[in-house]
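This report concerns only the one structure given below.
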There are 2 protein chains.
Amino acid sequence: MTPASRDIPSPIRSLIEAAGHFTQSLGLGRVLGQIYAFLYFTPHPRTLDDLTHALGISKGSASMGVRQLAQWGALEPVWVKGDRKDYYRARDNFGRILKNILQDMAGKRLEASAMALTEAEHAIHPHPSPGIDPDSEAFIQQRLETLRAFQHKIQSAWGSFAVGFLSK
Amino acid sequence: MTPASRDIPSPIRSLIEAAGHFTQSLGLGRVLGQIYAFLYFTPHPRTLDDLTHALGISKGSASMGVRQLAQWGALEPVWVKGDRKDYYRARDNFGRILKNILQDMAGKRLEASAMALTEAEHAIHPHPSPGIDPDSEAFIQQRLETLRAFQHKIQSAWGSFAVGFLSK
DNA sequence: TGGTATATTCAAAACGATTTGAACATGACG
DNA sequence: CGTCATGTTCAAATCGTTTTGAATATACCA
């Protein structure tokens, strides 16, 4: 029995499981939540091996998961003197972490959609398509405008939501 | 060639595709975005058959997709006199639609996480576990508190984000 | 430098979510 | 009532994503 796997109190196990479901439902995969939750409730830094044993995941998953979480600033690498292993502990600056994740995920999606919209506008505007029902043309123009307006609204609302967590 | 499939201008096709990717990336599935976008840029109400032909999706997908979208208030059923078919048109009250979707999806997730947290607190608090490192115990308590505090912060921020779109 | 402990990579397997379509249900009309 | 047109359901197939683990790379130490 490894130090990591003994004595994870059952309520903590439940929280780890819940965190896994949570990140899964957000499309981030189960392991990210599990790894973070495990480290979050563990007082001392832990190694990749600890993670594979405690959570029953593969070395590969642990390695990739840890890297991703570190990139978001959710984990802090810790060097323990005289030990080759990489140790990690969970950081608890949720605001910053969340912001990084949102930027990484949602930001790109909004941007991609904005681009698609702009391209469509350009493709339609300059070429009042030959042989196409002008009523339909006008309708589409109007819908594009409504959509564009909403897009702006979203982006500003999104901005203030994200900014609300930048504060320390 | 059906009325629905002829003459979808290529920029609109692109937007339909983009909408599909968008909803896919949000974990809603590709078809929802496609169906909505197609109807959004179509002046007249359309039937399930039109959808299957225009988008190349199965009858089943069209049926389920339309139902889901209607449930969110994104589509409006239209009855055309003397025609048995169900017709649908896209509504453009994005604010309300978004709110419904968020409530349906994110709300449940936050709630589930909140419950898991509460249960863990109850499980730990009343039973200062026998034979477990008291330092560890204190650490866990403290982390639970931090987490709980953030959870409140999120819920209130989320609330105001959602409310921002209730208007009109 | 060679040997060992550890971390990373990535092709393939496992898994889960989405989509299909045949079977079934519904309901309009003669 | 029987038929035809349409909508719905859900088990099975498909498809994409996540996870695995053997192979490979890296880094430390003697």
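Bear in mind the structure is a predicted one, so any value in this text is a computation, not a measurement.
Rounded to whole angstrom, the span from the CG atom of L28(B) across to the C1' atom of dA17(C) amounts to 13 Å. Counting to the nearest Å, the P atom of dT8(D) and the CD1 atom of I57(B) are 13 Å from each other. Protein atom CG of L51(B) is 14 Å distant from nucleotide atom C1' of dT6(D), rounded to whole Å. Atom-to-atom, CH2 of W79(A) to P of dC28(D) comes out at 11 Å; the value is rounded to the nearest Å. M105(B) places its CE atom 12 Å from the P atom of dA17(C), with the value rounded to the nearest Å. As a whole-Å value, the separation of L26(A) CG from dT18(D) C1' is 16 Å. Taking atom NE2 on H53(B) and atom C1' on dT20(C), their separation rounds to 15 Å, with Å as the unit. Protein atom CG of L32(A) is 13 Å distant from nucleotide atom C1' of dT17(D), rounded to whole Å.
Residues L39(A) and R143(B) approach most closely at O-NH1, 4.3 Å, considering heavy atoms. Heavy atoms only, all atoms of each residue included: R109(A) and L26(B) are closest at NH1-CD2, 4.1 Å.
Between Y40(B) and F94(B), the ring-plane angle classifies as tilted under the 30° and 60° cut-offs.
Among the heavy atoms of the strands lying under 4.0 Å from G56(A) are primed sugar atoms or P, OP1, OP2 only; no base atom is included.
At distances below 3.5 Å, not a single donor-acceptor pair connects side-chain atoms of S63(A) with backbone N or O atoms of K59(A).
Applying the ring-ring contact (aromatic ring centres under 6.0 Å, His included) rule to Y88(A) yields no partners; only residues at least two apart in sequence or on another chain are considered.
The shortest distance between the side-chain N/O atoms of R30(B) and the OP1/OP2 oxygens of dT19(C) is below 4.0 Å.
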Trace of the side chain to side chain donor-acceptor pair (under 3.5 Å) decision for T118(A) with R148(A): CA-CA 9 Å; T118(A) 302; R148(A) 171 66 81 184; 2.8 Å; yes
Whether each nucleotide of nucleotides 3-10 of chain C has a protein heavy atom under 4.0 Å at its base (B), only at its sugar-phosphate (S) or at neither (-) is summarised, 5' to 3', as -BBSBBBB
